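Quick caveat: nothing in here was measured; it's all calculated off a predicted structure. Below, chains carry the letters A, B, ... as their sequence lines are ordered, and counting in each starts from 1.
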Protein chains: 2
Amino acid sequence: MILRSNERRRAATIIDVAQHANVSVGTVSRYLNGITVRQPKREAIDKAIAALRYNRNAVAKAMRTDRTNMVALLVPGYDEFFAEILASLTRGLAAEGQVLLTHKHEGDPKALALAIEFFQNHRVNAIVTPGVSEVRQQVQAMVDHGIPVVFFNNDVADMPVDRVFSKNFEASRQAVKHLIDIGHRRIAHIAGDRRETTGHERQRGYLQALDDAGIAADPRYIVGGTWKRQDANIAIMQLMQLPEPPTAIFTANYVLALAVIDYCRQHNIALGEDLSLLSFDDVELFRQMHPGVTAVAQPASAIGEAISEVVLGHINGIHPAAPRTVMLDCNIILRQTTQPPRA
Amino acid sequence: MILRSNERRRAATIIDVAQHANVSVGTVSRYLNGITVRQPKREAIDKAIAALRYNRNAVAKAMRTDRTNMVALLVPGYDEFFAEILASLTRGLAAEGQVLLTHKHEGDPKALALAIEFFQNHRVNAIVTPGVSEVRQQVQAMVDHGIPVVFFNNDVADMPVDRVFSKNFEASRQAVKHLIDIGHRRIAHIAGDRRETTGHERQRGYLQALDDAGIAADPRYIVGGTWKRQDANIAIMQLMQLPEPPTAIFTANYVLALAVIDYCRQHNIALGEDLSLLSFDDVELFRQMHPGVTAVAQPASAIGEAISEVVLGHINGIHPAAPRTVMLDCNIILRQTTQPPRA
DNA sequence: TTGAAAGCGCTAACAT
DNA sequence: ATGTTAGCGCTTTCAA
């Protein structure tokens, strides 16, 4: 008979093991869960498990206990930032026997909502995701069902969830302060989406730094307003066509910086010398390029660790219901694209 | 009373719905699974579901049916290549109601083995992973249990699994042929790990192209042998210190190419003009750089689509047990680092 | 088409 | 420390 690939051979169950080892299922279960069992039985069980190639059915366990050992991470995509968070989060959770499942939704709120429901139905122990206002309802439902939710990177206000963020405002403020310190006065900002806290906070930091230095913000120097490369291409053109173009630019993320870099290459503008550039988000490209791009590096590993700490706290039942917020410092990595302006 | 975050409110079950709608649980279940139910009952059930905010417990369903709607992807990390495959795979599976769970194991065979066991125990519908010889046993166990496994990117011989690969050998052969066609004779290869089929096949393609052109392979021109940046740094140094250094280099992946690029920058060697470079794997960096790096682009999207087709075939019970192998063509993207050698 | 009930594999409460 | 057994929420067979 031809065994079709979707007809699975019946797997051994805990009952088979119990019979083979001549003990009760309860004993096997307890042994499997680390509760003390006397030596001879232990051996018999071990032998039975090996002989029958027994694998505990995790689904049945989850069904019984209403808990799994899965934590879900929902991301729009895997850029360097997310990938690094993911790495440290995976490690942190694995140390406590939790497995991180990642799901990518490409920024589509519908896909995100579906994913949240899916993971809720599968009883994951926690969900980690950037805050997205479109899924307030689903997130609230999760929390109501007692499944902890952790926001990172982007926030949505007034939700009873835990939060781990880097200090977008402070880091942006310091970044722009650096530009001011080395002599720039005409500093532009290519902004991200201000409806998201990341975009909003980074622009706020920019404005604050100007204000701190007593420099009046010039609305013509604030351009962009989306995370799209296309729009940044337009934004940089607008800036450079100004009667008095800026001598320095602070971009809200690395994609926007790429637009500036390309523009400069096409127009023979020497970055650093003719025009300073400082970008939020530090990526491999910025290290490889010549001149290297000065950038705000988010502490991705630390973010991942903080998230796993918060999540594990919930799973182990340490934290009370009151949501925790962790704010982490960024570093500004000085490279060659930030130089004093020409005299 | 303070509700601790890990005390979940009891969620509505199918029984609650049945009572609320005044029908039997069987009827609710059938309705939920798309089996015809008469109009008035349908309405009552819908109303009950809405009123009780019922969500089907996916764990219980999986327990009963011994099937989930999850497919697991195991990757060492998220580089551009994997990220793109992932994107198209996620889409392809979502179209058929399957959710892709990604797990990253950082190339650690132990972590990989654990992950495979984990997903097996959780009854995923399929596992997608690069072939890794260290986990033959676990993979065999999966297949024995009737869970289809799909290898991609890297192969392990003699395993009863499905396979989706790009044509490493053919693409490498063509790439090196291009270098020969534009006039190069002293062509070096910085090899990857030859114990992996990717590394092996790429070197084989290199040798074949030389042979095709009647050029004797010079063992001094074949260096490296790991995927590590460190080793590539040494490899490129070895090559350039040769009495007759190569005029062109074919690297087995993009990390190895970075070593060449850095070396050239440090030694003021003009890529393209002084030394041609052609790399396997096309990455964003190669597009952004000046000069742009000529590269072999793997058809990542097509790979993802092929994988989802194979997986869905299994899930829908179309394929027979005989494993399928899909081989996909690569493209060579010409940029500025491959020029005729100096006269 | 519908209801009643068995049972998927496991854990945990209870009894010993 | 160990055996016995109820029951987690669902699907599916069997009857009606």
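If you measure from atom OH of B:Tyr31 to atom C1' of D:dT11, you get 18 Å, rounded to the nearest angstrom. Between the CZ atom of A:Arg30 and the P atom of D:dT4 there is a distance of 11 Å, given to the nearest Å. Rounded to whole angstrom, the span from the CG atom of B:Asn33 across to the C1' atom of D:dT12 amounts to 10 Å. Counting to the nearest Å, the C1' atom of C:dG9 and the NE2 atom of A:His20 are 19 Å from each other. Note: CE (B:Met63) to P (D:dC10) measures 12 Å, nearest angstrom. If you measure from atom OH of B:Tyr54 to atom C1' of D:dC10, you get 7 Å, rounded to the nearest angstrom. Rounded to a whole Å, the CD1 atom of A:Ile35 is 7 Å from the P atom of C:dA12. Distance, B:Asp66 CG to D:dT12 P: 12 Å, rounded to whole Å.
Checking the phosphate oxygens (OP1, OP2) of D:dG3, a side-chain nitrogen or oxygen of A:Thr27 falls inside 4.0 Å.
B:Asn154 contributes a side-chain N or O that, together with a main-chain N or O of B:Thr198, makes up a donor-acceptor pair within less than 3.5 Å. Between the side chain of A:Asn121 and the backbone N or O of A:Phe118, no donor-acceptor pair lies under 3.5 Å.
Residue B:Ile14 places its side chain closer to D:dT11 than to any other of C:dT11, D:dT11, C:dG3.
The six-membered or imidazole ring of B:Phe82 lies near that of B:Phe152, with a centre-to-centre distance under 6.0 Å.
Scanning atom types as modelled, no donor and acceptor separated by under 3.5 angstrom connect the side chain of A:Arg123 and the base of D:dG9.
Residue A:Val23 is classed as a sugar-phosphate contact, given heavy-atom separations below 4.0 Å to backbone atoms only.
The CG atom of B:Asp46 lies 13.0 Å from the OH atom of B:Tyr54; values are rounded to the nearest 0.5 Å.
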